[in-house]
Number of protein chains: 2
Amino acid sequence: MVANDSFQPTEVELQMLRILWDLGPSPVRDIHSHLNASKGTNYSTTVKMLSVMLDKGLVRRDETVSPHIYRPAFTRQSAGKRLMKDLVEKVYDGATMSLVLHAIKSMKASPQELSEVRRLLDEMEGKK
Amino acid sequence: MVANDSFQPTEVELQMLRILWDLGPSPVRDIHSHLNASKGTNYSTTVKMLSVMLDKGLVRRDETVSPHIYRPAFTRQSAGKRLMKDLVEKVYDGATMSLVLHAIKSMKASPQELSEVRRLLDEMEGKK
DNA sequence: ATTAATTGGCGAAAACTTTCGCTAATTGGG
DNA sequence: CCCAATTAGCGAAAGTTTTCGCCAATTAAT
């Protein structure tokens with residue numbers, strides 16, 4: 001049971017995290033080339049963002065090697081889960097189900113995907 | 001098929017929208033008393049936020065009556081849908097299904113709710 | 001070694017969000 | 001009508017996020 005002050009990476013921070021999730025642990029240069037490609041920011045900006053994110057605990061840094069290597073402080077999954085929880089909280093007053101229904105409705109799921117959801121439902125009921 | 005520049009109400013804006021969704025169309029005073037209750041802001045702040053939100057198109061205002069009446073520019077549902085889409089975009093690279101699975105896993109759904117999801121799945125397959 | 005190129009970081013500017021003081025306009029009661 | 005109370009709004013302060021210029025440190029090349 002951990003304290004849960006809502007987790008809020010900013011826009012760019014999230015963009016950066018996504019790059020890291022896609023690339024895996026990387027030096028600034030690589031991260032920058034992706035960020036720059038998508039929004040033309042300066043190298044210094046990328047370095048700074050990473051240092052801000054390091055302060056906030058959003059990324060980790062390995063300084064024993066050079067160039068330094070950055071990695072996300074958590075997985076895409078756990079970030080998604082926390083962000084979703086916040087969203088549900090803020091929009092639906094905590095009613096996760098509403099959200100799920102909307103998600104399902106708005107996606108164009110393949111039959112396999114649908115059956116995967118179904119499988120999960122069965123599993124949950126089984127456990128009950 | 002409408003253009004979709006990612007929709008980003010800020011923290012307080014969302015809080016305000018939530019109040020409006022809960023209350024329905026309301027005058028500033030009512031909105032304020034709720035906002036103030038939850039975070040002790042000044043009346044002026046509420047008025048200002050609403051005018052900023054009006055500029056951004058997040059709320060509508062009926063000026064023919066007095067006090068003016070504010071209403072959200074869209075439903076809780078559609079906001080939820082857009083925010084979710086953004087989230088999925090930013091975190092999962094568009095893979096909605098991942099999100100749904102996480103949502104389902106992380107919620108403590110009642111049997112009724114689960115069967116509602118199941119019903120929806122059937123419906124979707126039926127339509128296919 | 002000395003120089004050139006790459007990498008790392010500070011501090012402050014620019015941009016945006018959130019706050020409120022103060023004033024103007026509107027309303028309701030006497 | 002006039003006054004008090006409520007409502008609306010402007011403009012600027014305070015707080016955050018995002019940006020970058022400039023310099024220091026590290027690495028690589030001659």
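This one's a predicted model, so the numbers in the text were calculated from it and none came from an experiment. We name chains A, B, ... by the order of the sequence lines, and we start the count at 1 in each one.
- Screening residues 35-58 of chain A for salt bridge (Lys or Arg N to Asp or Glu O under 4.0 Å), with sequence neighbours left out, gives A:E13-A:K56.
- One interatomic measurement links the two molecules: CG of A:D55 to P of D:dT18, which rounds to 15 Å at whole-angstrom precision.
- Put simply, CG on A:L50 is 14 Å from P on D:dC20, counting in whole angstrom units.
- Classification of A:R118 and B:D122 as a salt-bridged pair holds, one side-chain N sitting under 4.0 Å from a carboxylate O.
- A:E63 has its CD atom 13 Å from the C1' atom of D:dT26, to the nearest Å.
- At least one side-chain heavy atom of A:L14 sits less than 4.5 Å from a side-chain heavy atom of A:L83.
- Looking at residues 14-24 of chain A, you'll see that no heavy atom sits under 4.0 Å from any atom of DNA chain C.
- Between B:D93 and A:W21 there is no side-chain heavy-atom pair separated by less than 4.5 Å.
- Atom CE in A:M53 sits roughly 15 Å away from atom P in C:dG9 (whole-Å rounding).
- Between A:M124 and B:I104, the closest side-chain pair of non-hydrogen atoms falls below 4.5 Å.
- Between B:R61 and D:dG9, a side-chain N or O to OP1/OP2 separation shorter than 4.0 Å is present.
- Within the 4.5 Å cutoff, the side chain of B:D30 has no heavy atoms near those of the B:I19 side chain.
- Annotation: side chain of B:N36 is not in contact with side chain of B:S33 (no heavy-atom distance under 4.5 Å).
- Taking a cutoff of 4.0 Å between a charged side-chain nitrogen and a carboxylate oxygen, A:R76 and A:D22 qualify as a salt bridge.
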Under 4.0 Å protein heavy-atom contact, by nucleotide of nucleotides 15-30 of chain C - B base, S sugar-phosphate only: --SSBBBB----S---

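- Residue contacts for A:V28: at a heavy-atom cut-off of 4.0 Å it reaches the sugar-phosphate backbone alone, with no base atom in range.
- Listed pair A:R29 / D:dT27 fails the phosphate criterion, with no side-chain N or O lying under 4.0 Å from OP1 or OP2.
- A:E89 has no carboxylate O lying under 4.0 Å from a charged side-chain N of A:K85, or vice versa, which leaves the two without a salt bridge.
- Phosphate contact (OP1/OP2 of D:dA8, side-chain N/O of B:H68, threshold under 4.0 Å): present.
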